[in-house]
Amino acid sequence: MDHSNTLYAVEADHLVKAFGKERAVDGISLKVPKGIVYGFLGPNGAGKTTMIRMLATLLKPTEGQAKVMGYDLAKEADEVRQSISLTGQFASVDEEISGRENLIFIGRLVGFSRKEAKQRADELLAAFNLQDAAKRQVKKYSGGMRRRIDIAASIITSPELLFLDEPTTGLDPRSRNEVWTVIRALVKNGTTVFLTTQYLEEADQLADLIGVIDRGVLIAEGTSAELKSSIGVRSLIIEFEDERDLNKAESIFEGMFTQTPEVDRGRLSISVTMKDQSKAAKAIGELANHQIAVKDFSMQQPSLDDVFLTITGKPAKEKGGESNGE
Amino acid sequence: MENNSLEKSIKLQKRPPKASPMSAALTFAWRALLRIRYVPEQLFDVTVFPIIFLLMFTYLFGGAISGSTGEYLDFVLPGILVMTVAMITMYTGLDLNKDIEKGVFDRFRSLPIWQPAVLVGALLVDVVRYSLAATIMITLGYILGFRAEAGFSGIVLAVLVILFFSFSLSWIWTMLGIIVRSEKALMAISMMLLFPLTFLSSVFVDPSTMPNWLQHFVDINPITFVVDASRGLIHGYDVTSELLIITYISVGLIAVFGTLTMYFFRNKN
Ligand SMILES: Nc1ncnc2c1ncn2[C@@H]1O[C@H](COP(=O)(O)OP(=O)(O)OP(=O)(O)O)[C@@H](O)[C@H]1O
Ligand SMILES: [Mg+2]
């Protein structure tokens with residue numbers, strides 16, 4: 001059978017994974033076209049890792065089926081493994097040995113000769129800016145370095161489909177940007193990337209298609225623009241010098257927006273959620289017309305919480321009940 | 001990050017041919033050796049353990065059982081050799097149990113390799129560790145006055161039999177290492193199995209001195225066969241039938257527990 005002409009990197013049909021009574025993934029169907037970045041967005045415990053582990057042949061689905069790069073997950077697991085690579089959420093290389101040894105080790109496993117494996121390791125270490133740490137044990141790496149070695153180990157032979165489970169969680173902005181650069185370069189080279197994230201901003205920056213998952217269910221899917229227009233996109237936050245101005249502003253804004261502005265008396269600020277950014281200028285202009293002094297104002301990206309609030313009508317909660325930051 | 005070298009390094013045209021099972025297993029063995037190089041203390045169990053065992057049992061029981069420690073040493077050393085190596089096979093499971101919790105096992109399991117290589121590689125290095133333990137014990141034995149009637153070749157044969165049996169036995173621990181969730185529970189289960197197996201055998205005393213009911217157990221205990229075979233090979237008497245039985249048992253262990261291990265390894269949650 002010729003698999004090269006399938007259009008989709010992943011075609012999942014009603015996948016379910018139950019751990020005992022709990023359905024971690026509860027009937028997810030999705031299609032990921034080849035050559036794109038698919039962002040799987042959801043809070044802690046949503047089922048992201050479980051989904052990825054099923055697609056990477058590590059977990060047997062309780063129900064449903066899927067094709068990965070055109071191969072049947074259940075019947076052609078070997079072929080699936082040939083075409084994918086997985087960077088897990090936690091330590092996906094051996095922390096007890098050095099970065100270079102890890103790369104040589106994986107290189108040998110995928111079939112390179114000793115010499116080729118060493119060459120490839122050094123090439124990747126240079127490309128990922130890890131030469132200085134090459135001989136150090138991975139457990140002594142910083143978070144950013146570790147993520148880079150994780151990803152380097154996944155692209156020793158360029159996979160057709162790369163799974164990245166929360167590649168940037170816990171990274172500082174600089175390290176995060178480095179990881180994003182790598183992902184973009186991979187996609188440019190034709191690799192399809194399936195990544196999970198808890199950050200809308202990341203999905204926004206990287207993903208061509210975003211799936212939002214909550215409690216094992218895909219609750220929304222679309223491009224970043226589509227998702228944004230479907231939810232109250234952005235918040236305008238205005239801070240005032242004193243409470244008098246705040247009160248005036250509150251009455252001016254009344255009825256001006258579809259959603260009632262939120263007033264924070266402690267911080268002397270008002271937050272307005274709006275779909276159309278031009279309304280922000282109008283709001284500020286209106287305040288100026290009434291000679292109300294504005295101390296500061298800013299536009300905020302909607303947080304994952306906003307997305308959930310809008311889609312589910314309730315805030316994103318961890319299954320344990322604890323509320324989830326961003 | 002160097003953008004040029006990054007893009008160049010990502011564009012890899014040639015995909016190497018799949019690694020052979022043997023080369024995959026050896027690669028995993030190489031990884032295990034590297035880990036020992038970083039943490040040599042890992043060898044504690046195969047160096048200090050055997051020394052303590054040998055000294056302890058020789059001087060504790062020697063006088064009481066054989067009248068003299070010298071004579072007893074000739075009798076007991078092959079037994080303690082088997083017992084010690086059998087005991088330390090347990091660490092195979094414990095190490096695997098710790099290792100498998102780490103995310104890196106997910107990577108191994110998603111690679112297009114011969115899957116048993118992950119475990120076979122680790123076991124190969126364990127066989128090297130067992131040999132180290134055997135060498136240390138025999139050397140110490142010689143210093144204490146032990147002599148092998150069948151000479152050096154007898155010792156080598158006996159050690160090979162012990163290694164083969166221990167390799168087979170290890171598959172029980174790899175299986176348990178995969179399915180038992182906590183390290184403590186695993187340790188308890190392993191001890192519970194190993195203590196009766198090693199002590200209720202011909203390691204320390206001639207089974208004919210034991211009560212009847214106990215003899216029945218001792219006579220079918222695989223460890224007894226391995227001990228008797230080692231003794232025979234070291235001191236030069238015929239143990240063909242024991243060797244045959246050991247072969248059956250070992251092949252059986254690998255077939256049953258090797259298969260179960262791989263089953264659980266593949267279907268681990
Ligand atoms: N092996 C397992 N056994 C039992 N329950 C599990 C197992 N793995 C995951 N779960 C449960 O399934 C649910 C989904 O977990 P999963 O790890 O897929 O979430 P996630 O979206 O990756 O979360 P996070 O952002 O924290 O990584 C959780 O409630 C979790 O407790
Ligand atoms: Mg996860």
Side-chain angles (χ1 to χ4, degrees), chain A residues 19 53 56-60 77-98 101-102 104-113 116 120 123-124 126-129 137 148 150 152-158 163 165 177-178 181-182 185-186 188-189 191, chain B residues 1-40 42 95 98-115 117-118 121-122 263 265-269:
Chain A
F19 295 110
R53 297 187 78 224
T57 76
L58 301 177
L59 273 182
K60 275 212 171 75
D78 273 344
E79 285 82 355
V80 171
R81 287 191 203 113
Q82 294 270 11
S83 15
I84 63 161
S85 210
L86 167 73
T87 306
Q89 185 171 0
F90 306 105
S92 77
V93 295
D94 187 340
E95 302 187 339
E96 303 293 325
I97 62 178
S98 77
E101 284 160 350
N102 263 297
I104 297 174
F105 167 60
I106 307 280
R108 293 284 287 143
L109 286 180
V110 297
F112 281 120
S113 72
E116 290 168 329
R120 183 74 182 135
E123 193 177 304
L124 286 168
F128 284 75
N129 226 344
Q137 273 178 298
R148 283 184 343 246
D150 279 346
S154 294
I155 61 166
I156 286 180
T157 53
S158 344
F163 291 107
D165 197 356
N177 280 326
E178 285 176 348
T181 308
V182 175
L186 279 165
K188 210 171 134 194
N189 188 46
T191 300
Chain B
M1 205 170 308
E2 308 269 332
N3 262 316
N4 279 341
S5 70
L6 177 66
E7 278 178 21
K8 218 180 85 208
S9 76
I10 286 171
K11 271 204 188 68
L12 179 81
Q13 301 309 334
K14 202 185 95 202
R15 202 170 245 282
K18 209 174 152 174
S20 71
M22 191 60 191
S23 119
L26 287 176
T27 304
F28 276 103
W30 176 67
R31 161 179 175 259
L33 286 177
L34 285 175
R35 290 165 67 106
I36 294 178
R37 213 192 60 206
Y38 282 103
V39 193
Q42 281 181 41
D95 284 345
K98 266 188 282 176
D99 212 17
I100 214 162
E101 291 306 319
K102 309 232 170 86
V104 67
F105 261 78
D106 274 359
R107 185 188 293 284
F108 299 159
R109 289 173 56 218
S110 68
L111 284 174
I113 50 170
W114 182 63
Q115 290 291 313
V118 182
Y263 173 79
F265 185 68
R266 283 217 178 86
N267 295 291
K268 193 178 162 52
N269 274 343

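So that the names make sense, note that chain A is the first sequence line, chain B the second, and so on, each numbered from 1.
Under the side chain to side chain contact (heavy atoms under 4.5 Å, CB included) criterion, B:A24 pairs with A:L109, B:A117, sequence neighbours left out.
With a 4.5 Å cut-off on non-hydrogen atoms, B:F105 does not touch chain A at all. Using a 4.5 Å cut-off between heavy atoms, A:F90 contacts chain B through its backbone alone, with no side-chain atom that close. Looking at A:T191, there are no atoms closer than 4.5 Å to chain B (heavy atoms on both sides), in backbone or side chain. Heavy-atom distances place no part of A:A152 under 4.5 Å from chain B, backbone and side chain included.
Note that the CD atom of A:E96 and the CZ atom of B:R37 stand 13.0 Å from one another [nearest 0.5 Å]. Within the model, atoms CD of B:Q115 and CG of A:D78 stand 8.0 Å from one another, a figure rounded to the nearest 0.5 Å. Rounded to the nearest 0.5 angstrom, B:I113 CD1 and A:I106 CD1 are separated by 8.5 Å. Here CD of A:E101 is found 11.5 Å from CZ of B:R31. Values are rounded to the nearest 0.5 Å.
Of the residues considered (A:D150, A:I104, A:L86), A:L86 shows the highest number of contacts with chain B, using heavy-atom pairs under 4.5 Å. Heavy-atom pairs under 4.5 Å with chain B were tallied for A:D94, A:I84, A:V93; the largest tally goes to A:D94.
Residue pairs meeting the side chain to side chain donor-acceptor pair (under 3.5 Å) criterion with at least one partner in residues 17-30 of chain B, sequence neighbours excluded, are absent.
Across every non-hydrogen atom of B:L34 and A:I97, the tightest pair is CB-CG2, 3.8 Å. Closest non-hydrogen pair, A:A56 versus B:S110, comes out as O-CB, 4.0 Å.
A 6.0 Å sphere centred on OH of B:Y38 holds more than 12 heavy atoms belonging to other residues, nucleotides or ligands.
Residues A:S92 and B:D106 have side chains not in contact (no heavy-atom distance under 4.5 Å, counting atoms from C-beta outward). Between A:R81 and B:L111 the shortest side-chain heavy-atom distance does not fall below 4.5 Å. Within the 4.5 Å cutoff, the side chain of B:R107 has heavy atoms near those of the A:S154 side chain.
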